[in-house]
Amino acid sequence: MRVRVFIILSILSIQLSAQTLGGNTVFNFLKLPNTPQLSALGGINISQVSNDLGLAFNNPALLKPQMHSQMNAVFNGFYSGITAYHLSLGYHHQKLNTNFLWGLNFFNYGSTQETDAAGNLLGKFRPIDWVMQVSASRSYLEKWNYGATLKFINSDYGRYYSNGLAVDAGVLYHDSAKLFSASLLVKNMGFQIKKYDGTDAGDLPFDLEIGVTKRLAQAPFAFSFTAHHLQYFNISYNDTAFNNENGFPNESDAKFTFDKLFRHIVIATTIYLGDKVEITAGYNHLRRQELNIASGANGLNGFSLGAALILDKLQVRYARTNYQNNTAYNQFGLNMTLNKYFGLGKFGERIKW
């Protein structure tokens, strides 16, 4: 079974060279983290094992039987009045020995004036983006878990709208005795069903990720290292016209630099203050480099912090992520184990290392 899983993932990743980056992709809201713990871990993490259903929305291989009947609800205060909401539900089917997840990520950009090319007002419209997905996962032996996600994606900007389908596939290795986990994830393999009118938009924001997490045996720390966009080496955005006009150098794609290497890396740490409180910090080098302003003060761009209070029936999570030098993006989330409120089943115990 393990061999078959890796063969399937290898076949699915054949499309690597055909995928695009940056502004050439559509549905880029799929890159934004859906849950506070993921935001606090730097926005990209696939190997952190916890009883947070929101992480399984990002990587189906993290979906476990212990998440049965768990609900994850997240409320996000983004910039300029933009709001984002997330809801996911977990279910374990005992006869099929399979875990399922249903989830929705919704972005509301508020009311916007619509004009024509001459600037005449045509009214108002409310642009939105959302993705609805279903995931399934199963275990193999004692230390392996594998899963897949099917997504329906919709983007509506007034008279311009588009939708598409995508698939994620992941494998997780988790050794609880050695406090170690590692994962491989292939994200956003898919296509547009309906393209925006009058446009020839690019591919979906495909990503190939590998991550490891290690918790120390004699200290309350866990460390995560995640590598993303492994299908390309140079993921720097290089606008030659802008660089030439403003005196910035143009770097060759073939030239090796440590900056290009570290743009693939996200590092994070979690501090466990007993069984009830977690403090998380992350650093995303790509995000910092893309948001930094040359010769300007860039504050904590690329850094993120989070905290969690974990009770028997409820998890309360918060994350604060810096996307500008003077303001931050805040996320607040709740995880409720519904069967402990309504008696829906015997699952729902917290995962322990």
Side-chain angles (χ1 to χ4, degrees), residues 33-59 62-77 84-90 101 172 174-183 211-226 266-284 300 302-322 328-341 347-353:
N34 62 288
T35 194
Q37 185 173 192
L38 184 59
S39 292
L41 289 165
I44 303 176
N45 187 292
I46 60 173
S47 57
Q48 179 94 345
V49 177
S50 75
N51 195 28
D52 182 357
L53 188 67
L55 293 183
F57 182 90
N58 176 65
N59 179 8
L62 292 173
L63 185 59
K64 298 283 189 176
Q66 291 86 346
M67 296 175 180
H68 173 71
S69 84
Q70 186 178 132
M71 179 186 73
N72 177 224
V74 182
F75 313 92
N76 308 329
Y85 307 98
H86 169 77
L87 178 67
S88 55
L89 299 167
L101 177 150
L172 172 74
H174 178 212
D175 190 333
S176 58
K178 296 183 179 179
L179 309 179
F180 174 81
S181 60
S183 185
V212 296
T213 298
K214 169 66 178 175
R215 181 168 176 178
L216 303 183
Q218 304 299 324
F221 296 97
F223 297 94
S224 294
F225 298 86
T226 308
V266 177
I267 59 177
T269 183
T270 300
I271 306 173
Y272 298 91
L273 304 178
D275 295 331
K276 307 270 185 206
V277 178
E278 297 175 2
I279 305 296
T280 304
Y283 174 68
N284 186 321
L300 295 175
F303 289 90
S304 54
L305 292 171
L309 175 63
I310 302 175
L311 306 175
D312 183 48
K313 299 180 181 180
L314 179 70
Q315 301 176 41
V316 182
R317 296 186 180 270
Y318 169 78
R320 182 176 177 86
T321 308
N322 284 79
Y329 170 42
N330 298 291
Q331 280 185 308
F332 176 78
L334 298 173
N335 290 57
M336 299 177 63
T337 307
L338 299 181
N339 66 349
K340 292 187 176 181
Y341 287 93
F347 293 94
E349 299 175 357
R350 185 183 174 195
I351 293 177
K352 297 189 178 186
W353 286 89

Taking all heavy atoms of [X] and all of [Y], pick out the closest pair and write down the distance.
{"X": "Gly42", "Y": "Asn284", "result": "O-ND2, 3.1 Å"}
{"X": "Asn76", "Y": "Phe332", "result": "OD1-N, 4.4 Å"}
{"X": "Ala40", "Y": "Ala319", "result": "N-CB, 4.0 Å"}
{"X": "Ala222", "Y": "Tyr272", "result": "CB-CE1, 3.8 Å"}
{"X": "Met67", "Y": "Leu62", "result": "CE-O, 3.3 Å"}

Results of ring pair (Phe, Tyr, Trp, His ring centres under 6.0 Å) for Tyr283 - residues two or more places apart only:
His285, Phe303

Taking [Y]'s backbone N and O only, do any of them form a donor-acceptor pair with [X]'s side chain (distance below 3.5 Å, no angle check)?
{"X": "Lys214", "Y": "Lys178", "result": "yes"}
{"X": "Thr35", "Y": "Gly54", "result": "no"}
{"X": "Asn72", "Y": "Ser88", "result": "no"}

Measuring from atom [atom1] of [X] to atom [atom2] of [Y], what distance do you get when rounded to the nearest 0.5 angstrom?
{"X": "Leu309", "Y": "Leu334", "atom1": "CG", "atom2": "CG", "result": "10.5 Å"}
{"X": "Leu311", "Y": "Lys276", "atom1": "CG", "atom2": "NZ", "result": "6.0 Å"}
{"X": "Thr337", "Y": "Gln66", "atom1": "OG1", "atom2": "CD", "result": "11.0 Å"}
{"X": "Glu278", "Y": "Gln315", "atom1": "CD", "atom2": "CD", "result": "7.5 Å"}
{"X": "Leu55", "Y": "Gln48", "atom1": "CG", "atom2": "CD", "result": "7.0 Å"}
{"X": "Ser69", "Y": "Lys340", "atom1": "OG", "atom2": "NZ", "result": "8.5 Å"}

So do the side chains of [X] and [Y] get within less than 4.5 Å of each other, counting heavy atoms only?
{"X": "Ile310", "Y": "Val277", "result": "no"}
{"X": "Asn330", "Y": "Arg320", "result": "yes"}
{"X": "His86", "Y": "Gln331", "result": "no"}
{"X": "Leu101", "Y": "Leu53", "result": "yes"}

Side chain to side chain donor-acceptor pair (under 3.5 Å) partners of [X], counting only residues at least two apart:
{"X": "Thr226", "value": "none"}
{"X": "Asn58", "value": "Lys187"}
{"X": "Ser304", "value": "none"}

With salt bridge (charged side-chain N to carboxylate O under 4.0 Å, His left out) as the rule and sequence neighbours excluded, what pairs involving residues 38-58 come up?
Asp52-Arg317

Can you list every salt bridge (charged side-chain N to carboxylate O under 4.0 Å, His left out) pair that touches residues 65-75, not counting sequence neighbours?
none

Take Asn34 and Val74 through the side-chain contact (heavy atoms from CB on, under 4.5 Å) test and state the conclusion after the steps.
CA-CA 8 Å; Asn34 62 288; Val74 182; 5.8 Å; no

Apply side-chain contact (heavy atoms from CB on, under 4.5 Å) to [X] and list each qualifying residue two or more places apart in sequence or on a separate chain.
{"X": "Ser183", "result": "Ile46, Ser47, Asn59, Leu172"}
{"X": "Leu87", "result": "Met71, Ala73, Trp102"}
{"X": "Ala268", "result": "Leu41, Ser224"}
{"X": "Leu216", "result": "Ala219, Phe221, Phe223"}

Assess the residue pair Thr280 and Thr269 against the criterion (side-chain contact (heavy atoms from CB on, under 4.5 Å)); give the C-alpha distance rounded to whole Å, side-chain angles, the decisive distance to 0.1 Å, and a yes or no.
CA-CA 6 Å; Thr280 304; Thr269 183; over 6 Å; no

